[in-house]
Colleague: 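The structure that follows is given in the form of structure tokens.
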Amino acid sequence: MTHANDRFTSDVIQASLIAAADEMFAILRKTAMSPIIYEVLDVGTGITDAHGELVSSGAGIPTFVGVLDKAVKRILDLHGIESIRDGDLFITNDPYYGGVTHLNDVVIALPVFAEGVLVAWAASIAHWNDVGGKTPGSMAVDVSEIFQEGLRLPAVRLFKGGKPIRSVIDIIEANSRLPEFVRGDLWAQVAASRRAETRIRQMIESYGLAAYHGALAALFAEGESRGRTGLAGLPKGTFTITEEQDDWALWQAAIMISDDRFTVDLRGNPEQSPAPYNTSRDGAVIAAQMVFKALTDPTLFTNAGSFRALEVITEPGTIFHATGNAPHGYYFETRIRLYDMLWQCLARAMPDRLPAGNFASICGTVIAGTHPDTGRRFTMVEPQMGGWGASRERDGLDAMYSACHGETFNCPVEICESRYGIDVAYKRLNETDEGRGRHSGGKGLSLVYRPRGKAVLSAGFSRNRQPVWSLQGGSLGGTNGLTVRRKGGASEDYAFVSGLVIEAGDEIVIRTANGGGYHPQNAF
């Protein structure tokens, strides 16, 4: 059946595509094996057009949505659109092959055909608890090359002719310390893509290809129009920032805003690191996309048109555009610190509109071991919550995930204690004075894990030395950190660590920062 390409039909098709991405998210959440997926929601789902242009997205981590279109485009670059067949399905986790982030984050991408034509891709990304590498959880800090971080999946076919390629699945399972979880999470992602494929085919059967393509064109045009309208309301000029990091390195950025362009220039930054603190160019682009979207059009679902006014300039061989075989395990700390620096740059120019700094770290905590009661191996992957910055209108929010980590949740204490055999002694808001002001920064958290059996700890906490920035004379926020208190009384402080043996009776003490304060003299 063919329908006229009227506004009503176009809106129905657009809403159907958004619903399909949301349904992918719901299926992934309900069927995944790992709590990092079904509790924390360390996932992203989305639909692109045939060429990898983002059409719609589900919930989850906002920055993950920016991965999926880039992953599909890389698959097309590597394989060629003419070689893609109905019944194919691809998998990648490598930042040099469309994975964008690090090896733990696995992308499943399914080409969708209707009436014999490639019309869309249904893609998802999810954090897998273990993909091999030096340490349980695949989050080692003492690595110098990506080869040491785990199994690399370079945008390979996982299905052909609608059937799984068993040898590829065997390789994946053989390279994980938790093969049953890998298997379960993989099939959850496949199921999510299959459901979206069904919905897209049903929609095209109802409305026809012409109406479908017309709806996509209208969607992209609306995204571009809304982005440019928001751009028109921003101050024009060049805004620069240089910021010292915890390791004393100096990062810099220039943001040029004109009537029709928002340009982020990241040239002149430190060379890529022989340690897992690099991000791909795509990762740097995502950080800029997040800032641009928040400033210009925070309400509409993101699509490819949203970013047509955005330009990002990077320099190959730097930490924001790593090349060769540089490791990426803690890419997220680099990307979130970049996002925070760009935000700070513009907040100085627009203090009435933007809040002060947040704790700006994932504070990822990975505890792996064997359950003391069941004998089953586990890997707990837990991002932490902290304080958000105060604004002109109000105090910052308490105990939130970092600003670009999105619609995620903490792992409930009950799950932690029953699934992993890790007691949580307490989890409470900080009662410190950092971040004071006429409006105060939100509170960070203090919490203590007590593994009941021997375990191995990996963690990455940036903003460990440099405190959270404030605005308009408010007090600086706090810092993030982790301490291991040994049962014998010794105490060890860490920012980044991996492979650290924790004995039963030891305590892992975590603190996350308060947000920055805001103290305008003319607020009232």
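Just so it is clear, the structure is predicted and the values come from calculations on it, not from any experiment.
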Colleague: Between Asp86 and Arg201, is the closest basic N to carboxylate O distance under 4.0 Å?
Modeller: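 Salt bridge flag = yes for Asp86 with Arg201.
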Colleague: Have Ser176 and Arg183 got a donor and an acceptor in their side chains that come within less than 3.5 Å?
Modeller: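 Checked: Ser176/Arg183 side chains show no N/O donor-acceptor pair below 3.5 Å.
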Colleague: Please enumerate all residues that pass ring pair (Phe, Tyr, Trp, His ring centres under 6.0 Å) together with Tyr330, with sequence neighbours excluded.
Modeller: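 Applying ring pair (Phe, Tyr, Trp, His ring centres under 6.0 Å) to Tyr330 gives Phe332, Phe496.
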Colleague: May I have the step-by-step check of side-chain contact (heavy atoms from CB on, under 4.5 Å) for Val366 and Val381, ending in yes or no?
Modeller: CA-CA 5 Å; Val366 181; Val381 184; 4.2 Å; yes
Colleague: Stepwise, does the side-chain contact (heavy atoms from CB on, under 4.5 Å) test hold for Ile204 with Glu115?
Modeller: CA-CA 9 Å; Ile204 291 176; Glu115 299 181 15; 4.1 Å; yes
Colleague: For the residue pair Tyr212 and Ala120, what are the closest heavy atoms and their distance?
Modeller: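 Closest approach of Tyr212 to Ala120: OH-CB, 3.5 Å.
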Colleague: Might you confirm whether atom CD of Glu145 has over 12 heavy atoms from other residues, nucleotides or ligands at distances under 6.0 Å?
Modeller: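 Atom CD in Glu145 is packed in, count exceeds 12.
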Colleague: When rounded to the nearest 0.5 angstrom, what is the spacing between OG in Ser16 and CG in Asp11?
Modeller: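 Interatomic distance, Ser16 OG to Asp11 CG, rounded to 0.5 Å: 10.5 Å.
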Colleague: Which atom pair, heavy atoms only, marks the closest approach of Gly329 to His102?
Modeller: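 Heavy atoms of Gly329 and His102 come nearest at O-ND1, 2.8 Å.
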Colleague: Side chain of Asn480, backbone of Phe359: donor and acceptor closer than 3.5 Å?
Modeller: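 Such a contact is found between Asn480 side chain and Phe359 backbone.
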Colleague: With distance as the sole test, does Thr365 use its side chain to make a donor-acceptor pair with the main-chain N or O of Cys363 at under 3.5 Å?
Modeller: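 Such a contact is found between Thr365 side chain and Cys363 backbone.
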Colleague: Side chains of Arg335 and Thr279: is there a donor and an acceptor less than 3.5 Å apart?
Modeller: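 No, Thr279 and Arg335 have no side-chain donor paired with an acceptor closer than 3.5 Å.
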Colleague: Which atom pair, heavy atoms only, marks the closest approach of Asp105 to His127?
Modeller: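 In this case the closest contact between Asp105 and His127 is OD1-ND1, 3.4 Å.
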Colleague: Are the aromatic ring centres of Tyr339 and Trp251 under 6.0 angstrom apart?
Modeller: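 No, too far apart.
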Colleague: With a 3.5 Å distance limit and no angle check, can you tell me whether Glu333 reaches the backbone of Ile362 through a side-chain donor-acceptor pair?
Modeller: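 Yes; judged by distance alone, with no hydrogens or angles, the pair exists.
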Colleague: I need the Ile91 CD1 to Phe159 CZ distance, nearest 0.5 Å.
Modeller: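 Going from CD1 on Ile91 over to CZ on Phe159, the span is 10.0 Å.
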Colleague: So does Asp282 pair up with Arg74, basic N to acidic O under 4.0 Å?
Modeller: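 Salt bridge flag = no for Arg74 with Asp282.
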Colleague: What I'd like to find out is whether the side chain of Phe113 reaches to under 4.5 Å of the side chain of Ile84, using heavy atoms alone.
Modeller: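 Counting from C-beta outward, Phe113 and Ile84 do come under 4.5 Å.
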Colleague: Given the rule in the side-chain contact (heavy atoms from CB on, under 4.5 Å) test, do Met24 and Arg199 qualify, once you have shown the distances and angles that lead to the verdict?
Modeller: CA-CA 10 Å; Met24 286 180 70; Arg199 297 299 187 224; over 6 Å; no
Colleague: Starting at CZ of Phe262, measure out to CG of Leu346 and round the result to the nearest 0.5 Å.
Modeller: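 Here the rounded value is 5.0 Å.
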Colleague: Grab the two heavy atoms, one from Thr135 and one from Ser498, that are nearest each other, plus how far apart they are.
Modeller: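 Of all heavy-atom pairs spanning Thr135 and Ser498, the closest is CG2-CB, 4.4 Å.
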Colleague: Between the side chains of Ser138 and Glu149, does any donor sit under 3.5 Å from an acceptor?
Modeller: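 Glu149 and Ser138 do not have a side-chain donor-acceptor pair below 3.5 Å.
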Colleague: Go through the steps for Gln14 and Ser10 under the test side chain to side chain donor-acceptor pair (under 3.5 Å), then give the verdict.
Modeller: CA-CA 6 Å; Gln14 292 172 16; Ser10 181; 3.1 Å; yes
Colleague: Would you find a donor on one side and an acceptor on the other, under 3.5 Å apart, between the side chain of His79 and the backbone of Ala155?
Modeller: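 Checked: pair present.
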Colleague: Check Thr323 against Pro316 and note the closest heavy-atom contact, atom names and distance.
Modeller: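 Answer, listing the atom of Thr323 first, then Pro316: CG2-CB, 4.2 Å.
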Colleague: Under the 3.5 angstrom rule, does the side chain of Thr334 hit a backbone N or O of Tyr277 as a donor-acceptor pair?
Modeller: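 Looks like yes, one N/O pair under 3.5 Å.
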Colleague: Which pairs would a plain distance check flag for residues 284-295, meaning a side-chain donor or acceptor within less than 3.5 Å of a matching protein atom at least two apart in sequence or in another chain?
Modeller:
{"residue": "Gln289", "atom": "OE1", "partner": "Lys70", "partner atom": "NZ", "Å": "3.2"}
{"residue": "Lys293", "atom": "NZ", "partner": "Asp297", "partner atom": "O", "Å": "2.4"}
{"residue": "Lys293", "atom": "NZ", "partner": "Leu300", "partner atom": "O", "Å": "2.7"}

Colleague: Ignoring hydrogens and geometry, is there a side-chain-to-backbone donor-acceptor pair from Trp388 to Tyr401 under 3.5 Å?
Modeller: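 It does hold such a pair.
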Colleague: Okay, side chain of Asp246, backbone of Arg463: is any donor-acceptor separation there less than 3.5 Å?
Modeller: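 At least one qualifying donor-acceptor pair exists.
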Colleague: Roughly how far, to the nearest 0.5 Å, is CZ of Phe90 from CD1 of Ile75?
Modeller: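 Going from CD1 on Ile75 over to CZ on Phe90, the span is 6.5 Å.
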Colleague: By the side chain to side chain donor-acceptor pair (under 3.5 Å) test, which pairs, at least two apart or in different chains, include something from residues 45-57?
Modeller: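 Applying side chain to side chain donor-acceptor pair (under 3.5 Å) to every pair that reaches into residues 45-57, excluding sequence neighbours, yields Glu53-Lys73.
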Colleague: Would you confirm whether Asp130, through its side chain, and Arg177, through its main-chain N or O, come within 3.5 Å as a donor-acceptor pair?
Modeller: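 The answer is yes, because a donor-acceptor pair under 3.5 Å joins these two groups.
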Colleague: Between Gln384 and Glu382, does any side-chain donor sit less than 3.5 Å from a side-chain acceptor?
Modeller: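 No, because no side-chain N or O of Gln384 sits under 3.5 Å from a partner of the opposite role on Glu382.
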Colleague: If we ignore hydrogens and angles and just use 3.5 Å, is the side chain of Gln252 paired with the main-chain N or O of Arg267 as donor and acceptor?
Modeller: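 Yes: the side chain of Gln252 pairs with the backbone of Arg267.
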Colleague: Would you say the side-chain atoms of Asp94 and Thr92 include a donor-acceptor pair closer than 3.5 Å?
Modeller: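 No - no donor-acceptor pair under 3.5 Å links their side chains.
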Colleague: Looking only at heavy atoms, what is the nearest atom pair of Ala196 and Ala122, with distance?
Modeller: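 Residues Ala196 and Ala122, closest heavy atoms: CB-CB, 3.7 Å.
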Colleague: Give a yes-or-no answer on whether the side chains of Ser34 and Asp185 include a donor-acceptor pair shorter than 3.5 Å.
Modeller: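 On atom types as modelled, these side chains qualify, holding a pair under 3.5 Å.
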Colleague: Report, as yes or no, whether the 6.0 Å neighbourhood of atom NZ on Lys236 holds more than 12 heavy atoms from other residues, nucleotides or ligands.
Modeller: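 Counting neighbours around NZ of Lys236, more than 12 heavy atoms of other residues, nucleotides or ligands fall under 6.0 Å, so yes.
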Colleague: Would you call Glu197-Arg194 a salt bridge at under 4.0 Å N-O?
Modeller: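 Yes, Glu197 and Arg194 are salt-bridged.
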Colleague: Look up atom CE in Met256 and atom CZ in Arg261, then write down how far apart they are to the nearest 0.5 Å.
Modeller: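 Taking CE in Met256 and CZ in Arg261, the distance rounds to 11.0 Å.
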Colleague: Just verifying a value: how many Å separate Ile241 CD1 and Trp343 CH2, rounded to the nearest 0.5 Å?
Modeller: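 Interatomic distance, Ile241 CD1 to Trp343 CH2, rounded to 0.5 Å: 13.0 Å.
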Colleague: Please confirm whether the backbone N or O of Glu243 pairs with a side-chain atom of Gln344, one donor and one acceptor, at under 3.5 Å?
Modeller: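 No.
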Colleague: Go through it in stages, so that I can follow the logic: the residues are Glu271 and Thr318, the test is side-chain contact (heavy atoms from CB on, under 4.5 Å), and I'd like the CA-CA distance, side-chain angles, deciding distance and then a yes or no.
Modeller: CA-CA 4 Å; Glu271 293 183 358; Thr318 62; 5.8 Å; no
